[in-house]
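Here's the structure, in structure tokens; my notes come after.
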Amino acid sequence: MEDYPLQVQELEKTFRKKLGLSSFKAVDSISFQLSTGEVLGFIGPNGAGKTTTIKCILGLLKPSNGKASLWGLHPASLEVRKRIGYVPENPDYDDSFTPLEFMSMFSSMRRLDMSQERMLAILDRVGLSKWENVRIRSFSKGMKQRVSLALALQSEPELLIMDEPTVGLDPVARKEFRDIILAERQRGASVFFSSHLLSEVETMCDRAVILSKGKKVVEGRLEDLMRTEDHYSVTYRVSDDEPEELEVEAAVLQKTIDDLRGKGYSIIGVNPLYRSLEEVFLSVTSGGAG
Amino acid sequence: MKPVMTFALMTLRNLLRRRTIWGIIIVILIALFGIGQIPSYGVSIEGRFILDFGLFGLEIGALLLAIGLASNIYPRDREQKTVMPIIAVPLSRGQYLMGRFVGASIVEAAAMLMGCIGLMIILLMNGHAIPVDMLPATGLLLVEGWFLLAVVFFFSFWTSPPLNAPLTVLLFIVSQMSVSGFIKLFPQAPGLMRTLRLLLPHMDVFHIKDPIAHGMDIPGLYFLLAIFYGLAYMAFMLSVALAVFRSRDLK
Amino acid sequence: MKLTAVILITAVLLSLACKADYDIKEVAPPEHLGLEHHHEHDETDHEHEAETVELGSVHDESHEHDVSEISGSNRHVHDAGERSHCTGWFFNQPWAASFIWGKMVRDAVILLVLSAVILFVSGYRRKHQ
């Protein structure tokens, strides 16, 4: 059996409230896996259970049922922690330190033995080249996010786990983050990231898992998710004119093609129609309510 | 060991950048200075008085420092979510606890040493000799302080900072009581009270200010045994604290 | 099953620890309490003594030692290390009661064993959750 970089099996997390008299199921029996070198988007409205799932994956929360494993190992094992990078949602670090101090301490805690040049190169890569010796206290939310990304990248992780990494970033920073994630994939890393920015998922991910009210509602390759099964686009040409396109329902597809041929038009192509990810998302989450 | 020591140094630097610690240290030094200024009052010999109250001040200082240093470390980390990236990746929960504890212990040790040196200076300024056992006595008080640190960490994993301080002070007080004194708190159930008291630490083990103030010799073996006992209890408290921490969800 | 075993081990170790009675007054041999020499006094209860000592009058204890320094209010003062009916509490502390030092060691060992058990079990539970 293949040991996936990340495998979640029947994961369930229930939070007890009011002295255990009532409870709230944040994650309800979800399963999925991430293959090596893949970028998996984890989408869902606010309160859908994305962060809870990620915390279970990282061993910060104890699943009520089911399990999450990384390369077949427990999330808290040393072997796993060496191989992953984590970018938390709205990270907050001890603000009396500088990014370079953090890089140095984290590299020492991870036994990486990095040179200062290497650390500066990573800070430069995430856009903090002139801020390496400035205390984090004066940093904006986006800059703290960059520190977080630098710390996650420092070990050249085999798996990057990111929780809403681009929330609160300006468009330029978002583009930079996207480029880094794609570069990491090219390096061979697997990437698992949660987001509710669907355009981001659409441009970066190979596959997506959509969550709603703690349950997995859809999982699959983006192409498969976005492709409609009941609508097709028929491209045809009338004599030497520019090609024209016609959208038809699957039920009448064959009849339409026959009609067009009957009129002497040449059929150039028949393709399934694609919806935007937003349309898919809204349709499966009933309008997006968590 | 390297990750723990790095994190301990990170904790140390963080604590030294906080104002609370300096506040407590300044209060201890002012208190010691104040003791040196008080005349003998005819109660006893002045040197004994300074030593007795000075060592008592150091003990209370160790308690205050333990609370001031450690009661807010983990709640703050949890509230600001700084604990997440640390525990998720570079450190295990055990390493996190040990790093935080070692960092705070170093500050406590440095503060106690400063207090001890301050007391020595006050003794010398008032023309009194420094007892031979002064440093070992401070060492014992330091072990007591470390034990209290472990207690504060233990409480911090399942209670809030405002509750942590009174619980630690309560434990500190009842741990000074003799078994018979403790039973008197609730004489209706002597058996229960006896068992309860015996489960609590015996902090009188760390009290040697009286014999030192009276210039008596304390066997070196006693210091070693008391330190061994204190460190063992500290290890026990830390292991219980870690067990609680390991079972906790980091929401 | 494992949890039951841990609870049992802990209970046994704690029951051993509970036998270690540090109330020196209860476990001290008579020679420590100085009863042979001071049978006319009850030295073991300092609080009781404090109530019965007449404040404001000098206690004559010259048969035992010199009152080295009396000043201010008329209190009696003992020489360092001198045992008398008023200094029993002073010697009923662990540093002076070598007969309980063994118990300190035993309790320390029990605490260390318990620590190891707790660490092992909590680690095991975390890995196999």
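Per chain, numbering begins at 1; letters A, B, ... match sequence-line order.
- Atom NZ of Lys103(C) sits about 14.5 Å away from atom CG of Leu225(B), to the nearest 0.5 Å.
- Taking each heavy atom of Ala232(B) and Ala108(C) in turn, the nearest pair found is CB-O, 3.4 Å.
- Ser122(C) and Arg246(B) get closest at one heavy-atom pair: OG-NH1, 2.8 Å.
- In this structure, Met104(C) and Tyr229(B) approach most closely via the heavy-atom pair O-CD1, 3.7 Å.
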Atom pairs and distances, donor-acceptor, side-chain atoms in residues 49-59 of chain B, under 3.5 Å, two or more places apart:
residue, atom, partner, partner atom, Å
Asp52(B), OD1, Lys209(B), NZ, 3.1
Glu59(B), OE2, His207(B), NE2, 2.8

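- In this structure the side chain of Phe236(B) never reaches within 4.5 angstrom of the side chain of Asp107(C), judged on heavy atoms.
- Counting heavy-atom pairs closer than 4.5 Å to chain C, the top-ranked of the candidates Tyr233(B), Tyr222(B), Phe228(B) is Tyr222(B).
- Per-residue heavy-atom pair counts under 4.5 Å with chain C were compared for Pro219(B), Ser247(B), Gly230(B), Ser92(B), and the maximum is reached by Pro219(B).
- When heavy atoms are compared at a cutoff of 4.5 Å, Val244(B) does not approach chain C at all.
- Each of Leu119(C), Val109(C), Leu111(C) has some count of heavy-atom pairs under 4.5 Å with chain B, and the biggest count is that of Leu111(C).
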Check residues 147-157 of chain B and write down every donor-acceptor pair under 3.5 Å in which the side-chain atom is one partner and the other belongs to a residue at least two apart or another chain.
residue, atom, partner, partner atom, Å
Ser156(B), OG, Phe153(B), O, 2.8

